[in-house]
Amino acid sequence: MISIETITRLKKRFPNIWEAIKEIEGQPTHDIVRVESAKNGLPTVKVSSDGSWGYLHSKYDPKAEAERFIDYQTEIGADKHVFFYGLGLGYHVEEFVEKFPKVPFTIYEPKAEILYQYLSTKGFENIDTKYLENVYVGIESNETISNLRHFIRKAEKEVEIIILPSYERVFSEQIKFFTSQFLDAVYLQKMTVQASMDFSKLATVNSIMNLSKTSSTTNILHAGNKERFFDGKPAILVAAGPSLDDEIENIRQIKEHGQAYIFSVGSAINSLLKHGIYPDAAFSYDGSRENQQVFASIIQEKIESVPLVYGTTVGFETIQDYPGEMQHFFVARDAITPYYLARKDGKEQEMVLGYKTISTVTLEVLYKLGFNPIVMVGQNFAYGKERGYASGIDYITEVSDRQMKSAIKTKDVEGNEVLTSPGWNTMKNEMEEAIQAFENVEIINSTKRGAHIEGARFFPLQQVMMERFTETQIVTYKWLENESEKYDNEIIHKATNEMTKSMEDLQKIVNSFHDILDEMRNSIKRMNKKQLEKCFTKFDKSFDRLQSNIFYRLFIQPMSGLKFEFLMRMFGEVRFETNTNLKANRVINEFQSYLEGCKEDMKVVIPLVQAAHDQLKTTANSQ
């Protein structure tokens, strides 16, 4: 039986778990789960599954087994949230907490009877639950999906899953279902958290650093290229998948005869250059620092004959020293660039959605420019036999055993099974959604052995060349000769002046928050509830001022978008808190942390914005 102390603890910390297992109390579970003594006297447990019994821990020394298992986990770090699938009698969780005492973790036990035996035998007596964020139970598919959705909504860090090996043997079918659901849900969460934490700050910095270049180059979507040069012409979108190696000679022939515009995306530029093929333009969108590696050879060798078309949030190092012609396109999630750069003709800026992959971004740009058909080559979204990418891309390593272990199956262009990664599968799904929104354009997938992309019919490139690329010398570089976009200089001057004032106002707002939080602390010490209520009123007014500040809204809040989301979630949770002191303490602790993060971002951004203002004014005055 579960002790009264453990039941009380459960009801307080994890009431849903107590509700899930209380019906087992007093019921016989011996025919499902049995606790025995191991050779060294410690308890171990075995479970009945499909007519046979299987041990969840060693029959000899379960503690030593758990020590070895946790020592093998090399991916655990302070920046992770560990998700344990399978509790058993908790030996591995005990070792984890001892080795990583401050790493947050969650426990998922699929079988209620096993959790009941754990609580009856140990009841968390050897586990410090300070960093235990939740406990889930449920083996049915609907329970699994519901539990995962709840977990994802609460998760604030990158998730590392640890599955107790014995569960893979005893509950093999349930593990397969869980793993597929976990990969779909948690991998998406992992990408979101990583993108928010790593790239939200970079996107802001990149937009600032790119302002001067963007103000003096042409927006490819506004240059009149569609009607004059591109409308109804075929285009090839060349990605860096392993099948690109098979199409090099076909692409060379298309280039030599000018049968279609050739545009490379991401790393594909290096594979083409290796074979002496210069695309009509290279597209780039990646905001990471590593993006400069993609164009390192072009910059080092000063290759001027490959135009670059970049998204406004691209890594600023990429375009600083780019030797060739450049044009740009606005990214929808970039609110900074359009604040400063408005069209002189008064028309709205045309935007491209912020997709996860440069291929989908480029596909939308080509669609907006009127190309038809658009043919994708090297867009595998799947592993090749040995490589995940085409040759000539030396800075990308071979596919690792770990990647292959997490690979999932999907359908290829010929209906066969092919392996892909959860990330590529997400990107493929996103591309399919984009294609679904396109009208009056034919998208062709000429990627051999690639994943099937809904909305893009598969035809081998040679067949497309014979049947669709019937005209020659249709490619012209006159589209690069357009005059630079005429951005409104008056709006640039007005925007820089308003932003300078807004930066000064934000400093005052931050100082007001410090005063209010100090006043809250003093009111708590003095147990002055009336004064504390006044503090909340002052806080709300300052928070409204913060939200109205344009510098904060455009620069600072997006840099910590995920933290802001958690902050707003906290405000919603304390809204109906009746204990004023508890409410105040939580607001003080969580908002103080958020405020300090904002101040650190301000230290970085303010000098960059001031420098960008000087550059913008110089560029505007010279036009």
Side-chain angles (χ1 to χ4, degrees), residues 75 77 79-80 157-158 187-211 213-214 239-241 264-271 282-300 306 308-322 326 328-337 352-365 379 381 388-390 392-400 403 421-424 426-427 430-431 555 558-563 600-601 604-605 608 612:
E75 300 296 322
D79 59 334
K80 299 288 182 71
K157 294 187 174 185
E158 181 183 338
Y187 190 89
L188 181 60
Q189 181 268 352
K190 176 181 176 180
M191 290 180 67
T192 302
V193 171
Q194 278 188 319
S196 180
M197 300 301 287
D198 297 340
F199 298 129
S200 57
K201 296 183 190 300
L202 282 176
T204 299
V205 171
N206 288 335
S207 296
I208 299 168
M209 298 292 287
N210 293 339
L211 268 174
K213 287 280 188 185
T214 301
S264 68
V265 297
S267 298
I269 180 65
N270 291 292
S271 189
F283 276 73
S284 187
Y285 164 73
D286 184 0
S288 71
R289 295 288 176 260
E290 290 74 18
N291 193 53
Q292 60 186 314
Q293 286 185 290
V294 174
F295 300 97
S297 61
I298 289 181
I299 295 171
Q300 291 167 6
V306 179
L308 177 68
V309 182
Y310 69 89
T312 52
T313 56
V314 74
F316 67 87
E317 300 95 339
T318 302
I319 67 172
Q320 277 186 333
D321 301 312
Y322 195 81
M326 287 190 289
H328 63 267
F329 55 88
F330 280 57
V331 181
R333 70 183 179 196
D334 176 15
I336 294 170
T337 308
V352 177
L353 295 178
Y355 297 109
K356 293 182 176 67
T357 169
I358 180 60
S359 292
T360 306
V361 168
T362 303
L363 192 64
E364 183 177 346
V365 173
Q379 192 58 68
F381 284 138
Y389 294 88
I393 308 171
D394 299 330
Y395 47 85
I396 297 179
T397 59
E398 298 292 332
V399 179
S400 68
Q403 287 172 309
S421 72
W424 281 340
T426 299
M427 293 174 186
E430 185 180 64
M431 178 178 281
F555 294 94
M559 293 181 77
S560 300
L562 197 64
K563 290 182 179 179
E600 290 300 313
D601 290 338
V604 173
V605 167
L608 296 180

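Predicted model only: the values in this text are computed from it and were never measured.
Distance check: Thr318 OG1 to Glu290 CD gives 10.5 Å after rounding to the nearest 0.5 Å. One finds the OG1 atom of Thr426 at 13.5 Å from the CE atom of Met431 (value rounded to the nearest 0.5 Å). Note: Ile358 CD1 to Ser267 OG = 10.5 Å, rounded to the nearest 0.5 Å. In this structure, CG in Asn270 is found 7.0 Å from CD1 in Ile298, a value given to the nearest 0.5 Å. From Arg333, atom CZ reaches atom OG of Ser207 across 8.5 Å, with rounding to the nearest 0.5 Å. Atom CG in Leu608 sits 10.5 Å away from atom CG in Asn206 (nearest 0.5 Å).
Checked against side chain to side chain donor-acceptor pair (under 3.5 Å), Tyr322 has no partners two or more places apart in sequence or in another chain. In this structure, the side chain to side chain donor-acceptor pair (under 3.5 Å) partners of Thr337, at least two apart in sequence or on a different chain, are Asp334. For Glu364, the side chain to side chain contact (heavy atoms under 4.5 Å, CB included) criterion is met by Val352, Leu353, Tyr355, Lys368, Phe438, not counting sequence neighbours. The ring pair (Phe, Tyr, Trp, His ring centres under 6.0 Å) search around Phe330 returns His328, not counting sequence neighbours. For the side chain to side chain donor-acceptor pair (under 3.5 Å) test, residues two or more places apart in sequence or in another chain that qualify with Ser359 are Gln379. A search for side chain to side chain donor-acceptor pair (under 3.5 Å) contacts involving Asn210 returns nothing, not counting sequence neighbours. Under the ring pair (Phe, Tyr, Trp, His ring centres under 6.0 Å) criterion, Phe283 pairs with Phe263, not counting sequence neighbours.
Minimum interatomic distance between Tyr310 and Lys213 (heavy atoms only, all atoms of both residues): OH-C, 3.7 Å. Ala268 and Ala240 get closest at one heavy-atom pair: N-CB, 3.7 Å. Taking each heavy atom of Ser284 and Phe329 in turn, the nearest pair found is O-CZ, 4.3 Å. Of all heavy-atom pairs between Ala282 and Ile269, the closest is CB-CD1, 4.3 Å. Scanning all heavy atoms of the two residues, the minimum distance from Gly354 to Val331 falls at CA-CG1, 4.1 Å. Ser288 approaches Leu202 most closely through the heavy-atom pair CA-CD1, 4.0 Å.
In this structure, Lys201 and Asp601 have side chains that are in contact, with non-hydrogen atoms separated by less than 4.5 Å. With contacts defined as side-chain heavy-atom distances shorter than 4.5 Å, the pair Gln320/Gln292 does not qualify. Residues Ile319 and Val314 meet the side-chain proximity criterion, which asks for heavy atoms closer than 4.5 Å. Looking at Glu317 and Asn291, their side chains never come closer than 4.5 Å, going by heavy atoms from C-beta outward. The shortest side-chain heavy-atom distance between Ile336 and Thr204 falls under the 4.5 Å cut-off.
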(message) side-chain contact (heavy atoms from CB on, under 4.5 Å), that's the test. Do Asp286 and Val294 meet it? Break it down for me.
(response) CA-CA 10 Å; Asp286 184 0; Val294 174; over 6 Å; no

(request) Check the pair Thr362, Tyr285 against side-chain contact (heavy atoms from CB on, under 4.5 Å), reporting the backbone distance first and the verdict last. (result) CA-CA 9 Å; Thr362 303; Tyr285 164 73; over 6 Å; no

